[in-house]
There are 2 protein chains.
Amino acid sequence: MPTIADIAKRAGVSISTVSYALSGKRPISAATRARIFAAVEELDFRPNQVGRALASKRTNAIAIHYPTTDHVLSEMPLEFIISAAGETARRGYSLLLSTSSSKDDDWLRLMHEGFVDGLILMEVRLDDPRVPLLQRHGYPFAMIGHTREHSGLSFVDLDFENALAVAVNYLADLGHPQIALISRQQSLHEAGYGPSVRSEAGLQQAAEVRGVEPIVRFSEPDPMSGFETTRDLLAEYPRLGAIVTLNSEAIGGVMRAVHEAGLRIPDDVSLVATTSPRIAALIAPPLTTVDIPTETMGRVGADLLIRRLEGGEAEPTQCLLRAGLTARGSSGPYARSSHAR
Amino acid sequence: MPTIADIAKRAGVSISTVSYALSGKRPISAATRARIFAAVEELDFRPNQVGRALASKRTNAIAIHYPTTDHVLSEMPLEFIISAAGETARRGYSLLLSTSSSKDDDWLRLMHEGFVDGLILMEVRLDDPRVPLLQRHGYPFAMIGHTREHSGLSFVDLDFENALAVAVNYLADLGHPQIALISRQQSLHEAGYGPSVRSEAGLQQAAEVRGVEPIVRFSEPDPMSGFETTRDLLAEYPRLGAIVTLNSEAIGGVMRAVHEAGLRIPDDVSLVATTSPRIAALIAPPLTTVDIPTETMGRVGADLLIRRLEGGEAEPTQCLLRAGLTARGSSGPYARSSHAR
DNA sequence: CTGTTAGCGCATTCAT
DNA sequence: ATGAATGCGCTAACAG
């Protein structure tokens with residue numbers, strides 16, 4: 001591996017001249033610049049990032065922390081990560097992935113040991129213990145999701161209250177007097193998982209405004225649990241004709257329970273799923289969705305952090321995305337009365 | 001951030017003594033070692049990885065390359081990545097994620113610029129252009145999957161030929177005279193995607209041995225395509241009672257097509273899916289699966305690379321995993337004759 | 001416009 | 001068992 005010294009020698013200039021030619025931080029005469037770049041070409045020189053990092057105190061690498069222990073894998077986090085990776089690469093950074101559990105502090109180690117310049121946090125809780133830790137050390141970070149208290153923090157998130165309002169309005173317009181939300185695990189909800197808590201708030205609020213009855217159920221992130229939850233739900237509310245699900249892992253079970261109850265989608269039951277457009281496309285038949293813009297969220301998460309790293313002490317940016325609703329085949333007007341059991 | 005020099009001063013020893021105490025590469029008297037570690041505690045010292053990397057010429061970081069452009073996202077790659085991340089962290093390494101397309105060489109840049117010690121390759125083609133590139137530079141790497149020519153290379157892969165043989169034997173034992181394989185995109189197959197090519201070979205071979213008729217169809221990785229493919233398949237082969245699918249993204253559509261043809265699983269059609277156990281658990285009703293040990297594959301991929309990095313010039317390790325079959329509710333004895341259309 | 005020089009934080013060789 | 005000194009590859013003052 002050639003070093004900057006090899007280039008300097010070959011081009012007949014000093015080391016610093018090469019460095020400045022490469023960084024463009026100092027004017028270089030066209031002639032010497034040409035000789036330098038010629039040497040770079042001939043030797044296939046690549047500036048060593050470690051040397052550069054040590055001298056400049058910036059590694060040009062960031063890490064994304066995805067704590068896996070408490071969640072079943074699904075595609076949404078992958079979409080965040082892939083999208084963040086793309087933006088990171090476009091901006092000339094590298095992306096590290098840490099999956100340490102919340103107790104383990106491998107994700108913090110990366111910052112402590114100076115291997116990354118900043119962090120992106122995923123799976124953020126309303127009271128996330130990582131936030132005070134990072135603040136105490138003054139480490140730069142951005143969140144995908146947001147904490148209850150978030151003044152001065154950078155984050156991107158879906159506006160889940162709004163998302164549920166969108167779903168409720170849509171279903172209320174179709175004439176449904178009752179709307180059930182199938183949320184995620186109750187444990188998550190109790191642990192203060194933002195999407196869960198904020199969605200329920202959105203449901204309650206919008207339901208009151210529209211004068212419909214809100215119902216909330218929790219489901220584990222798997223079809224079996226979705227099946228059981230939905231089966232019980234339909235039994236308990238014989239006239240229920242509208243279901244919103246937050247839990248994309250459970251959708252298969254939800255649909256199956258509806259069918260096994262002798263009901264049809266969308267004729268008897270309107271189903272609206274909160275999920276990423278990409279995932280919705282993978283489901284048959286097509287689902288009406290409140291779209292979670294995962295691609296945007298991952299990209300903006302990386303962008304916010306990098307901007308913070310490069311912009312010096314720029315003010316934090318908070319980005320609450322409003323959800324769009326895409327009506328597909330799985331929802332229709334209320335017609336459930338005839339099926340009362 | 002305290003440095004090793006701060007520790008040395010505080011403990012009243014030289015810098016090198018601190019370094020050796022930390023690395024354990026030289027005997028240190030109990031007394032001074034105690035003073036050193038006390039200082040480390042008091043100052044909350046963390047050795048700077050960049051300084052260490054520059055001096056030792058090892059970053060203790062590896063990268064995993066997951067080219068996304070040519071594939072729809074699914075959970076299987078996420079499982080590889082998460083699992084590799086876990087093993088990487090356990091071994092004291094960091095994991096970088098590169099998702100650059102095959103033409104883009106961002107993944108190579110990481111090695112060129114000395115930011116990582118080695119690479120894990122995902123989505124390996126039979127003739128993968130990355131391999132000769134890496135070999136030319138002498139960069140250490142390991143593959144999840146394997147190329148046609150692989151002598152001297154380290155990899156972990158599922159033995160897809162064996163996997164299909166397992167599926168065929170199982171279905172043949174149930175009495176099925178015809179077995180259809182629903183493979184992935186034809187474009188992938190033609191591009192030499194290993195799992196696709198090797199699975200077909202396994203099917204053909206095992207079918208011949210067992211005297212059953214093999215049928216191969218390709219499907220895009222989505223339920224709609226799976227639906228159409230299966231619908232056409234059932235129309236073309238009215239007595240078909242056994243389907244094996246490689247394409248877990250299409251399974252929903254496959255199942256729906258079977259149902260809409262007036263057939264039942266497992267009474268009329270036996271369905272065997274080649275997928276990860278974790279994903280199988282997410283499907284309702286439960287699927288008989290040829291299990292792809294994604295967790296093992298990701299872990300071993302990282303292990304092989306790290307072992308290569310640490311073991312000096314150890315011989316390459318090739319790890320072809322045999323698949324297990326888990327019979328669940330979706331497969332049963334051949335009974336399709338009565339349904340001939 | 002260009003060169004000289006002093007680190008960045010740590011590992012390691014050579015002394016003692 | 002310990003210290004002193006050198007250098008990893010590069011950046012960025014400082015000095016022309």
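Since the structure is predicted, the reported quantities are computational estimates derived from the model, not experimental observations. Order of the sequence lines sets the chain letters (A, B, ...), proteins ahead of strands, with each chain counted from 1.
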Answer with base, sugar-phosphate or nothing: what part of the nucleic acid does B:S19 contact at a heavy-atom distance below 4.0 Å? base
What is the nucleic acid contact for A:S23, judged by heavy atoms within less than 4.0 Å: base, sugar-phosphate only, or nothing? nothing
Would you say that more than 12 heavy atoms from the other residues, nucleotides or ligands in this model lie under 6.0 Å from the CZ of B:R90, or not? yes
Does B:R52 place a side-chain N or O at less than 4.0 Å from the phosphate oxygens OP1/OP2 of C:dG9? no
Value in whole Å for how far the C1' atom of D:dA12 lies from CD1 of A:I4: 12 Å
From NZ of A:K9 over to P of C:dT4, roughly how many Å is that when rounded to an integer? 13 Å
Using the rule given for salt bridge (charged side-chain N to carboxylate O under 4.0 Å, His left out), can you reason through A:D127 versus A:R125, listing the C-alpha separation, both sets of side-chain angles and the distance that settles it, and then say yes or no? CA-CA 5 Å; A:D127 292 291; A:R125 306 300 176 83; over 6 Å; no
In whole angstroms, the gap separating P of C:dC10 from CG of A:L54 amounts to 9 Å
Looking at A:T32, I'd like to know whether one of its side-chain N or O atoms comes within less than 4.0 Å of OP1 or OP2 on C:dT2. yes
Rounded to the nearest Å, what distance is computed from the NE2 atom of residue B:H112 to the C1' atom of nucleotide D:dG9? 17 Å
Between CG of B:N48 and C1' of C:dG7 the distance, given in whole Å, is 14 Å
Given C:dT2, D:dG3, C:dG7, which nucleotide is nearest the side-chain atoms of A:A55? C:dG7
Which nucleotide, D:dC10, C:dC10, C:dC1, lies nearest any side-chain atom of A:T3? D:dC10
Set out, in order, the CA-CA distance, both residues' side-chain angles and the distance that settles ring-ring contact (aromatic ring centres under 6.0 Å, His included) for A:Y139 and A:H112, then state yes or no. CA-CA 9 Å; A:Y139 293 152; A:H112 273 142; 5.7 Å; yes
Counting only distance, no hydrogens or angles, is the base of D:dA13 paired donor-acceptor with the side chain of A:Y20 under 3.5 Å? yes
Given D:dG3, C:dC10, D:dT11, identify the nucleotide with an atom nearest to the side chain of B:T17. D:dG3
Short side-chain N/O contact from B:K25 to OP1 or OP2 of C:dT12, under 4.0 Å: yes
To the nearest Å, how far apart are A:I15 CD1 and D:dA13 P? 18 Å
Go nucleotide by nucleotide along DNA chain C from the 5' end; which of B:F45 and B:R26 gets its closest nucleotide reached first? B:F45
Applying a 4.0 Å non-hydrogen cut-off, can you work out what A:V13 is touching in the nucleic acid: base, sugar-phosphate, or nothing? sugar-phosphate
Spacing between B:R58 atom CZ and C:dA11 atom C1', to the nearest angstrom: 13 Å
By the definition side-chain contact (heavy atoms from CB on, under 4.5 Å), identify the one residue from A:D157, A:D159, A:I292, A:T296 that meets it with A:L321. A:T296
Using the side-chain heavy atoms of B:S14, tell me which of these nucleotides is nearest: D:dA4, C:dA11, D:dC10. D:dA4
CD of B:Q49 versus P of C:dA11: gap in Å, rounded? 9 Å
Return yes if some donor-acceptor pair links the side-chain N/O of B:H150 with the main-chain N/O of B:T147 below 3.5 Å, else return no. yes
Establish, with yes or no, whether the OP1 or OP2 oxygen of D:dG9 is under 4.0 angstrom from a side-chain nitrogen or oxygen of B:K57. yes
Got a donor-acceptor pair under 3.5 Å from the side chain of B:S16 to the base of D:dT2? no
Please output the side-chain donor-acceptor pairs of residues 43-53 of chain B that fall under 3.5 Å, not counting sequence neighbours, one pair per line with the distance.
from, atom 1, to, atom 2, distance (Å)
B:N48, OD1, B:V50, N, 2.7
B:N48, OD1, B:G51, N, 2.8
B:Q49, NE2, A:E113, OE1, 2.7

